[in-house]
There are 2 protein chains.
Amino acid sequence: MSEKTTIYDIAKALNITAATVSRALNNNPKISAATKKLVMETAAKMNYKQNRLALALKSGKSNNVGVIVPYIDRNFFSAIIRGIEEELYPLGYHVIICQTHEQESTEIDNINALLNAQVDGILMSVSKLTTQTDHFEYVLEKNVPLVFFDRKKDLKGVSTVTIDDFEGGYRATKHLIDQGCKRIAHLSGDWSLEIYKNRYEGYKKALTDHGIALKKEYVIKTKSDIRAGQKASEKLLMLPEPPDAIFSSSDYVALGAIQQLKKHGIKIPTEFCVVGFSNEPFTKFLELSMTTVDQSPVEMGKMAAKVFLEQVKDSNVKIEKKVVLSPTLKIRMSSVK
Amino acid sequence: MSEKTTIYDIAKALNITAATVSRALNNNPKISAATKKLVMETAAKMNYKQNRLALALKSGKSNNVGVIVPYIDRNFFSAIIRGIEEELYPLGYHVIICQTHEQESTEIDNINALLNAQVDGILMSVSKLTTQTDHFEYVLEKNVPLVFFDRKKDLKGVSTVTIDDFEGGYRATKHLIDQGCKRIAHLSGDWSLEIYKNRYEGYKKALTDHGIALKKEYVIKTKSDIRAGQKASEKLLMLPEPPDAIFSSSDYVALGAIQQLKKHGIKIPTEFCVVGFSNEPFTKFLELSMTTVDQSPVEMGKMAAKVFLEQVKDSNVKIEKKVVLSPTLKIRMSSVK
DNA sequence: TTGTAAGCGTTATCAC
DNA sequence: GTGATAACGCTTACAA
């Protein structure tokens, strides 16, 4: 029973040919009900399982999609993958995962490996350190659908699913203004990544829309970890006129800021408000729960999958879809006076 | 340039045969240095990429492994997957992921799908609701290596990688005893999952080893969420002699307990100590950081991958390896008086 | 309605 | 050292 049974085995058992078995198994109309039933039964009896590899080789479709992310154990990305998997699995697709570790060279390697594996599409978030775009063009040349989620590069023929980072930045900042904060600082990330640039732009627009002048010393670019948040907020507090609120592009940075503020005996939210970005799971478990911008990553994954499916449906038509999801502001204790 | 180039294209270009090209590409000894060089060069020039699907069909090895977990966006599992991916990718394997959603029927479906896809092995954590084992036996019949991590079923021929849950429970409890806690309660999970049973056994042993009688009313089985932790601890506080410490088999339950204790004005850790299990990321970000048992999931994933590789190496020898990793107690504020 | 045979891209086993 | 050919398991014109 350990040997795999093929359609030939079934054919032999019934004294018919493999082609007929294949037709019976695939609901081909040109087949008699009798033989079809017979084939179905013996297939079940012999425990036949279709070899997807053979099908893939024949059809040129592997029914696998590749998903590339920086790290799979970052909640934002694993939630996206969950969305992709849940959308695609019912349609018979399998998800192959790769991690770039934020390295461009690894990203290129991942893409080549997935292409060799004949994936039907690649869904990915661009690595922080990626500057070239040749490897993306190469995917397109091979006519393999390419969908960027969250972090993208602007390329012709590539569909993207992102959230409106500008809007996220705007609403976070407006919320702080509504709370009566007058001197709102912003902790940002590297602007070579659009997402951070856009969150900053939203911040800026909200300020000017409400007649608040942008103070250059209130905007600090940092790495995305707790330590960076501590250092940046320390710097802010040393200013002649320190801020009374922080909008951070990262939840981790915001957490570092909160820790540092507390160290200085500053009361949150009464004296100082903080808003983060990403709705990392920990933000709502804090004793002082953190206001943050939710990116609905599972939805983002599902949407990326849907865009991929559209692309596959009309493979002759090159679609270039730009889906922009709306972020949700999760208002919690760190910003409500 | 959009068409895929095969070894036939290279052969045609050089007026040799595909077999020769194949040999050149695969470092076959029976080939002249000259033709080899020539083939290599034109292969590069024509941008040849090996079709892994064809190789897979021919060889019977897909170089894919399937990984099945309840939910991919649970940190514990995504970290394990990270470990698996990082161990296997350098060897040319790709990781296909599936989610059971804790449903037995989905688990069975996942296994069949992966088997159809001709994966070279299946690495998985058993779903909470799984009672049958037929689908696992079936994998073994097909001679596909099967490795369980964390949640396992005892089956002949299946290798497992787990942490020593007994030890974890023992050390967590002993730590509480060392802190001077006298009345230690335990919040457990469903004992049909070995992990919870073993953590409880460790708890029990630590108590008796230190001359503390096990009180039945101090042991409560709950679901693994915050709400359950709140309710269970409420029940404990209503006891005629309420406990002065909780060892919880889940970080979420422990968090719920802490919240409830605070609601009653109970001071942690001075009046009451709490220890969780799993070292979920949020535990160390809490203002009152939580003591918990770390399961080193990335290491667990790497180990599962290594066990799989051993199995593959000697496919004729059936290996049944039981790897048990040691947990680490992360001592934090919630339990240090 | 069913059988025949070619083909998907490789590699392996023969010959030469 | 290289070429011809079969085989992996399946689908699909084309014939019958």
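All values below come from the heavy atoms of this structure, side chains included, with hydrogens, waters and symmetry mates left out. Quick note on labels: first sequence line is chain A, next is B, and so on, each numbered from 1.
Residue contacts for B:Asn26: at a heavy-atom cut-off of 4.0 Å it reaches the sugar-phosphate backbone alone, with no base atom in range. Here B:Ile7 lies in heavy-atom contact (under 4.0 Å) with a base. Heavy atoms of B:Thr6 sit under 4.0 angstrom from primed sugar atoms or phosphate atoms, though from no base atom. Residue A:Thr17 is in base contact, counting any heavy-atom pair closer than 4.0 Å across all strands shown.
The phosphate of D:dG3 has OP1 or OP2 within less than 4.0 Å of a side-chain N or O from B:Thr20. Residue B:Tyr48 has a polar side-chain atom (N or O) positioned under 4.0 Å from OP1 or OP2 of C:dT10. Between D:dT11 and A:Ser22, a contact under 4.0 Å exists linking OP1 or OP2 to a side-chain N or O. Here B:Ser32 reaches the OP1 or OP2 of D:dT2: one of its side-chain N or O atoms lies under 4.0 Å away.
Each of A:Lys36 and A:Tyr8 was matched to the nucleotide of DNA chain C holding its nearest heavy atom; the match closer to the 5' end belongs to A:Lys36.
Listed in residue order, the members of residues 49-61 of chain B having a heavy atom less than 4.0 Å from DNA chain C are B:Lys49, B:Gln50, B:Asn51, B:Ala54, B:Lys58.
Residue pairs meeting the salt bridge (charged side-chain N to carboxylate O under 4.0 Å, His left out) criterion with at least one partner in residues 26-38 of chain A, sequence neighbours excluded, are A:Lys37-A:Glu41.
Distances from the side chain of B:Ile16 to the nucleotides D:dC10, D:dT12, D:dG3 place D:dG3 closest.
The shortest distance between side-chain heavy atoms of A:Pro70 and A:Phe77 falls below 4.5 Å.
The ring pair (Phe, Tyr, Trp, His ring centres under 6.0 Å) test applied to A:His135 returns no partner, not counting sequence neighbours.
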